[in-house]
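Worksheet for the structure shown next.
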Amino acid sequence: STSCFTDVVILIGLDELVPLPDVPTPQAVCFGQPNIALVSGGGTNYQWYGPSNINLLISGATGSSYAPIVTVPGVYNYYVSNTVNGCESPRFGTTYTIWALPAGSAQPASQTICSSTFTTIELLTDIPGSNFTWTVPANNNGATSCTSECGNVINQQLTNTTNSPVTITYTVTPLSVNGCLGNSFPVNITINPLPVVIPNPTSMVLCSGQTTNIGLNSNVTGSLFTWVAVPSSGSVSGYSNQNTPVAGPILQTLTSTSNQPVTVTYIVTAYGPEPTNCQGPTTQVVVTVIPVYTMQPISNPAPVCSDGDFDVTVQTNGSVRFVYNKNGGILTDPFNDTDPNYAILGEAVSDGNTAVLNDANLPANTSCGIITYTVYAINVPIATDPNCRTMRSFEVKTYPEITATTISGTCTQPASINVNCAAELGVTPANITWLITAGPNTGLTGTGNTYTPDPGEAGSIQYTVTAGL
């Protein structure tokens, strides 16, 4: 068989090729910022479509660029084509993004702290990955600003050197991962001062058995106090700790069985008012407890001659120093030997408790006298409180030489004699003796305040009268 081949020519008419438009670069803006135009190129007659619909023609959008008019945060698709002689090129798409602004908040929204402690403010936003910056006035109690990638926690040590609360404000601005700044918001931090203990008195000396009265105050109104009591020796009792904050004062009766001074040191801590109850530094108040001794009564010595001396024994139950004053002189400092009212009776040795008073400085009286001595048993120089001294008194009677006045008598008027200080010194008629030393009946004697001559004794008679104890 024979195959026949026939060439067939088909003519197709083509319009000229349509240039394709350039693909627009994606654009993005933060919410609230001016819109940015999408830009194409490479064509002559453009047409834009969208948003997010390739077939939704945007009326009047026929230029090489187009500025979207959307305002709601989101991601939008826009398309552009080129038309030549009625022929439209394919439509090329791009994205246009409006980023939402981060909304920030703080947890807690405000905070109250104690001076010298740290803030603990957590910063939150509704956009994951956001960061924060903040500003604060300069020289503001230790707070500092942070202007770049500060993280999501405000953790700064703040101080308050005043006596009242101080508030500072952080102005915080959230920053999204896309660089969009959210609205700023305040975070208020109140810094309470640390209370300082102001004791009154700052130290004190007590006799054993007395009660402390230590007032507690602070630079911060409304503060309360606790304390720990630390004794220097096991011989002191009556102290206790205060673990629950109270207003004070410290009222405790301290007793010591020691022969030496002992101390109780109160370590006091102040706490500010609620809700922070800020704890301030400790202050020490030292209380010295002085032993008080029992001194035995002192017997009055026998009367002594003027300008003479005497001995008395004083005794107590501890090794102390005995000092005295006389005739009511005030002993302002029992350890100051320049005090005119001061004299040392003696100091007992460490294993003794007895001393002997021997006053060789009695006055040369011309009449009878009584000197009152007040004796103190004192342990240490700081025991100047009269309540810390054991005190006893005694009297010493002194008299000058006895003199008499003789009155000449007659047989009907006896001679008489007056002896000075007789009553004070206890001189009785039996202590007065008469002796005829010249005249009739020389050598005769008698007793009493008067002497009556015998009628047979007419004449001049001389008597010698003696009065004694």
Could you tell me if the side chain of [Y] sits less than 4.5 Å from the side chain of [X], heavy atoms only?
X: Val246; Y: Leu224; answer: no
X: Phe92; Y: Pro21; answer: yes
X: Val236; Y: Ser258; answer: no
X: Ser208; Y: Leu254; answer: no

Q. According to the side chain to side chain donor-acceptor pair (under 3.5 Å) rule, which pairs have a member within residues 227-241, sequence neighbours left out?
A.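 Residue pairs passing side chain to side chain donor-acceptor pair (under 3.5 Å), neighbours aside: Ser232-Thr263, Ser233-Ser235, Ser240-Gln252.
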Q: Using the side chain to side chain donor-acceptor pair (under 3.5 Å) rule, collect all pairs that involve residues 23-40, keeping only residues at least two apart or in two chains.
A: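 Sorted result for residues 23-40: Asn35-Tyr96.
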Q | Step-by-step side-chain contact (heavy atoms from CB on, under 4.5 Å) determination, Thr94 to Leu38 | A | CA-CA 8 Å; Thr94 190; Leu38 297 171; 3.9 Å; yes
How long is the gap from [atom1] on [X] to [atom2] on [Y], to the nearest 0.5 Å?
X: Leu175; Y: Glu149; atom1: CG; atom2: CD; value: 8.0 Å
X: Thr226; Y: Gln242; atom1: OG1; atom2: CD; value: 8.0 Å
X: Ser176; Y: Leu181; atom1: OG; atom2: CG; value: 8.0 Å

Q: Decide side-chain contact (heavy atoms from CB on, under 4.5 Å) for Leu57 and Tyr49; before the verdict, give the C-alpha distance in whole Å, the side-chain angles of both, and the deciding distance to 0.1 Å.
A: CA-CA 4 Å; Leu57 182 144; Tyr49 298 85; 3.8 Å; yes
N/O donor-acceptor pairs under 3.5 Å from side chains in residues 115-138, not counting sequence neighbours:
residue	atom	partner	partner atom	Å
Ser115	OG	Asn160	N	2.8
Ser115	OG	Asn160	O	3.4
Thr117	OG1	Cys114	N	3.4
Thr117	OG1	Cys114	O	2.5
Thr119	OG1	Ile154	O	2.8
Thr119	OG1	Gln156	N	2.9
Thr120	OG1	Gln111	NE2	2.8
Thr125	OG1	Ile127	N	3.3
Thr125	OG1	Ile127	O	2.9
Thr125	OG1	Ser130	OG	3.4
Asp126	OD1	Ala103	N	2.9
Ser130	OG	Ile127	O	2.8
Asn131	OD1	Cys150	N	3.2
Asn131	OD1	Gly151	N	2.7
Trp134	NE1	Thr144	O	3.3

Quiz: residues 185-206 side-chain donor-acceptor pairs under 3.5 angstrom, not counting sequence neighbours:
residue	atom	partner	partner atom	Å
Asn188	OD1	Thr169	OG1	2.6
Thr190	OG1	Thr167	OG1	3.1
Asn192	ND2	Thr276	OG1	2.8

Q) Would Asn141 and Ile168 satisfy side-chain contact (heavy atoms from CB on, under 4.5 Å), going step by step from the backbone distance to the final call? A) CA-CA 8 Å; Asn141 301 86; Ile168 65 171; 3.9 Å; yes
Q: Could you list the residues that satisfy side-chain contact (heavy atoms from CB on, under 4.5 Å) with Ala28, not counting sequence neighbours?
A: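 Residues passing side-chain contact (heavy atoms from CB on, under 4.5 Å) with Ala28: Thr97, Trp99.
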Q: For side-chain contact (heavy atoms from CB on, under 4.5 Å), just list the numbers for Ile214 and Val287, CA-CA rounded to whole Å, side-chain angles, deciding distance to a tenth of an Å, and then say yes or no.
A: CA-CA 10 Å; Ile214 304 170; Val287 178; 3.8 Å; yes
For residues 58-81, please give each side-chain donor-acceptor pair under 3.5 Å, one per line with the distance, not counting sequence neighbours.
residue	atom	partner	partner atom	Å
Tyr76	OH	Val72	O	2.7
Ser81	OG	Glu88	OE2	2.5

Q | Main-chain N/O of Leu20 paired with Asn82 side-chain donor or acceptor, under 3.5 Å | A |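 Looks like no, no N/O pair under 3.5 Å.
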